[in-house]
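Just so you know, ligand 1 is whichever comes first in the structure, and atom 1 is the first atom listed for that ligand.
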Amino acid sequence: MPIQQDDALSRAVSECPGDITIERASGAIGVEIQGIDLSRPLHAAHLELIRTALFEHCVVFFRDQTLTLEQHKEFTALFGSLYLHPNFVASGGDPHVIEVVRMPGDKKVVGEDWHSDTAFAAQPPMGSVLYAVDIPPYGGDTAFSSQYAAYDALSDGMKRLLEGLRAVHSDCLTAGPRVGLNADRSTKVRDDSGWQETRSLHPVVRTHPVTRRKALYVNRMTTIALEDMAEAESKPLLDFLYAHAARPEFTCRFRWRAGSVAFWDNRCCQHLAINDTWNFPRRMRRFQIAGETPV
Ligand code: SIN
């Protein structure tokens with residue numbers, strides 16, 4: 001099937017040894033790369049291709065990988081220091097790994113609303129590498145949305161309005177004793193009495209440090225208000241931005257198989273885990289990469 005590639009991606013592919021094929025996942029976001037074995041030391045040109053695809057297309061998919069925990073960790077660490085999540089209860093034998101598990105009977109899944117990971121942190125992770133261990137026969141897809149595309153599609157008037165605005169982000173909806181998530185979910189977060197809310201202020205529009213492109217940066221799971229505004233003022237604007245950020249033309253939907261990998265750039269996309277695996281288990285392993293203060 002013919003594919004449309006941008007120049008940077010074509011150049012990066014042409015520098016690669018071996019037989020590499022790439023396929024766009026949708027018009028706005030996502031590239032699947034075939035021909036790289038992530039369990040082996042990567043050629044510099046493969047690394048460059050993955051970086052190029054990630055920064056421009058926000059999420060890179062791979063198929064048919066076999067990754068031990070150590071290999072998964074080593075691959076992730078090629079892109080930066082590993083991020084230690086403050087709220088997930090470690091369960092996978094390494095403090096950095098998060099086992100994202102949905103078991104029969106669970107009512108909730110990790111990340112079931114549109115979000116950027118861990119945006120409540122002062123320095124949210126730059127990306128995540130999610131590996132599929134055990135996948136249901138149907139269901140359990142993940143959707144991704146380009147926040148470059150979401151920003152670009154706003155009117156000039158809305159862009160001017162958002163310029164300089166900051167949003168308050170918190171983990172009060174995703175962790176702690178009050179949300180009671182652990183009763184409905186196999187993947188546990190901290191809910192002990194010593195847990196304390198983390199709040200951060202981030203620009204509503206952030207600039208990607210590598211591409212310099214602007215991306216919308218508010219989401220339903222961590223944004224709780226706009227700075228210096230009453231709820232009645234900020235809520236309608238946030239509701240508009242949440243709906244806009246997830247318009248179908250900015251998205252792609254990834255159908256997992258065991259051994260699939262999704263590597264997303266958390267600075268320019270949002271994602272959502274679709275909670276429809278019914279009575280089948282779904283087991284994923286995730287490492288995150290440390291990021292910078294959004295500007
Ligand atoms: C997440 O990182 O939000 C989980 C995504 C997924 O399990 O598909």
Is it true that the NZ or CZ of Lys188 lies under 6.0 Å from the centre of Phe88's six-membered ring and within 45 degrees of the ring axis? no

Does Trp195 reach the main-chain N or O of Ser193 with its side chain, forming a donor-acceptor pair under 3.5 Å? no

If the cut-off is 4.0 Å to any non-hydrogen atom of [X], which atoms of ligand 1 fall inside it?
{"X": "Ala273", "answer": "5 (C), 6 (C), 7 (O), 8 (O)"}
{"X": "His115", "answer": "3 (O)"}
{"X": "Gly111", "answer": "3 (O)"}
{"X": "Val100", "answer": "7 (O)"}

Strictly by side chain to side chain donor-acceptor pair (under 3.5 Å), give each pair with a member in residues 55-64 just once, sequence neighbours left out. Asp6-His57, Arg63-Ser260

Give me the nearest non-hydrogen protein atom to [atom] as residue plus atom name, then the distance to 0.1 Å.
{"atom": "atom 8 (O) of ligand 1", "value": "Thr142 OG1, 2.5 Å"}
{"atom": "atom 4 (C) of ligand 1", "value": "Val110 O, 3.8 Å"}
{"atom": "atom 7 (O) of ligand 1", "value": "Arg282 NH1, 2.9 Å"}
{"atom": "atom 2 (O) of ligand 1", "value": "Arg286 NH1, 2.6 Å"}

Work out whether the distance between some heavy atom of Arg102 and some atom of ligand 1 is less than 4.0 Å. no

Angle class for the [X]/[Y] ring planes (parallel below 30°, perpendicular above 60°, tilted otherwise)?
{"X": "Phe79", "Y": "Phe263", "value": "perpendicular"}
{"X": "Phe287", "Y": "His72", "value": "perpendicular"}
{"X": "Phe254", "Y": "Phe61", "value": "parallel"}

Do any nitrogen or oxygen atoms of Trp256 come within less than 3.5 Å of a nitrogen or oxygen of ligand 1? no

Look only at interatomic distance and state if His271 has a nitrogen or oxygen under 3.5 Å from any nitrogen or oxygen of ligand 1. yes

Roughly how far apart are Gln147 CD and Tyr217 OH, rounded to 0.5 Å? 10.5 Å

Please tell me whether Tyr242 and Trp114 form a close aromatic pair, meaning their ring centres lie under 6.0 Å apart. no

Under 4.0 Å between a Lys/Arg side-chain N and an Asp/Glu carboxylate O for Lys235 and Asp239? yes

Please work out whether any backbone atom (N, CA, C, O) or any side-chain heavy atom from C-beta onward of Leu130 is under 4.0 Å from ligand 1, and answer side chain, backbone, both or neither. side chain

Specify side chain, backbone, both or neither for Trp264, according to which of its non-hydrogen atoms lie closer than 4.0 Å to ligand 1. side chain

